[in-house]
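For reference, positions follow the sequence shown, starting with 1. Keep in mind that the numbers below use all heavy atoms, side chains included, and drop hydrogens, waters and symmetry copies.
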Amino acid sequence: MSMAALARPAHVLIQHLFDVIDGQRWDELDEVFAPDCVYYRPGYPTLEGLPRLEHFYRAERIIRFGRHQVENIVSELSVAACWGRFRGTGKTGEALDEQFADTYVVNGGRIVTRKTFFFRPAI
């Protein structure tokens, strides 16, 4: 990882995260998540470690494609939160439109912990 990546503010990291996810660039997940990351997502067991997280995005996530519209990000050096809306299409063709909020713990320029919250039982 470059020195620039280590020094990037958490809000820049989070914006890059959504660029990677929305672009389905799964090979770049290691640019935003630490190898020992933990992701808490409603409806799924805790996703622990980068290989498990990558498997989730490649094989388990119900989303075919879509885009996160981040309304706001608040951050300090090692913690951050954001909220917004996701609009897209599920793997079975259904339209998806969900509000979300995330919290993050960041260390060494990568996300160590991510927790996602939905406003109803959702994607």
Inset, instruction - Tell me yes or no: between the side chains of Thr116 and Tyr39, is some donor less than 3.5 Å from an acceptor? - result: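 Checked: Thr116/Tyr39 side chains pair up, N/O donor to acceptor below 3.5 Å.
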Less than 3.5 Å apart, which donor and acceptor atoms pair up between the side chains of residues 47-61 and the rest of the protein, not counting sequence neighbours?
unit_1, atom_1, unit_2, atom_2, d
Arg52, NH1, Glu60, OE2, 2.7
Arg52, NH2, Glu60, OE1, 3.2
Arg52, NH2, Glu60, OE2, 3.3
Glu54, OE2, Arg58, NE, 2.7
Glu54, OE2, Arg58, NH2, 3.0
His55, NE2, Glu60, OE2, 3.2
Tyr57, OH, Arg114, NH1, 3.0
Arg58, NH2, Asp27, OD1, 2.5

Legend entry - Heavy-atom neighbours of Asp19 CG exceed 12 at 6.0 Å: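 Above 12, so yes.
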Can you see which heavy atom on [X] is nearest to which on [Y], and at what distance?
X	Y	answer
Glu76	Ala10	O-CB, 3.6 Å
Ser75	His11	OG-N, 3.6 Å
Val70	Cys82	CG1-CB, 4.2 Å
Tyr44	Ile62	OH-CG2, 3.8 Å

Inset, instruction - Name the orientation class of the two ring planes belonging to Phe100 and His68 (parallel below 30°, tilted from 30 to 60°, perpendicular beyond 60°). - result: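 Ring orientation, 0 to 90° scale: perpendicular.
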Inset, instruction - With sequence neighbours left out, write down each residue that passes side chain to side chain donor-acceptor pair (under 3.5 Å) with Thr46, or none if nothing qualifies. - result: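 Thr46 satisfies side chain to side chain donor-acceptor pair (under 3.5 Å) with no residue once adjacent residues are dropped.
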Inset, instruction - Taking side chain to side chain donor-acceptor pair (under 3.5 Å) as the test, write out the residues that go with Gln24, two or more places apart. - result: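 Scan of Gln24 (side chain to side chain donor-acceptor pair (under 3.5 Å), adjacent residues dropped) gives none.
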Inset, instruction - List the steps, then state whether side-chain contact (heavy atoms from CB on, under 4.5 Å) holds for Val79 with Thr103. - result: CA-CA 8 Å; Val79 294; Thr103 62; over 6 Å; no
Inset, instruction - Taking the side chain as every heavy atom from C-beta outward, state whether Phe117 and Asp102 have any pair of such atoms under 4.5 Å apart. - result: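 Not touching, per the 4.5 Å side-chain cut-off.
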Inset, instruction - Please tell me if the side chains of Leu17 and Ile111 come closer than 4.5 Å, counting only heavy atoms from C-beta onward. - result: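 Leu17 vs Ile111: side chains touch.
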Inset, instruction - Output the rest of the hydrophobic cluster of Val38: all Ile, Leu, Val, Met, Phe, Trp and Tyr residues reachable through side-chain heavy-atom contacts under 4.5 Å, sorted by chain and number. - result: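 Cluster partners of Val38: Tyr40.
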Sequence neighbours left out, cut at 3.5 Å: what donor-acceptor pairs do the side chains of residues 83-90 make with other protein atoms?
unit_1, atom_1, unit_2, atom_2, d
Arg85, NH1, Asp97, OD1, 2.6
Arg87, NH1, Gln69, OE1, 2.5

Legend entry - Test salt bridge (charged side-chain N to carboxylate O under 4.0 Å, His left out) applied to Glu28 - qualifying residues, sequence neighbours left out: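 For Glu28, the residues satisfying salt bridge (charged side-chain N to carboxylate O under 4.0 Å, His left out) (neighbours in sequence not counted) are Arg25.
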Legend entry - Any donor-acceptor N/O pair, Arg64 side chain to Lys91 backbone, under 3.5 Å: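 Between the backbone of Lys91 and the side chain of Arg64 there is a qualifying donor-acceptor contact (under 3.5 Å).
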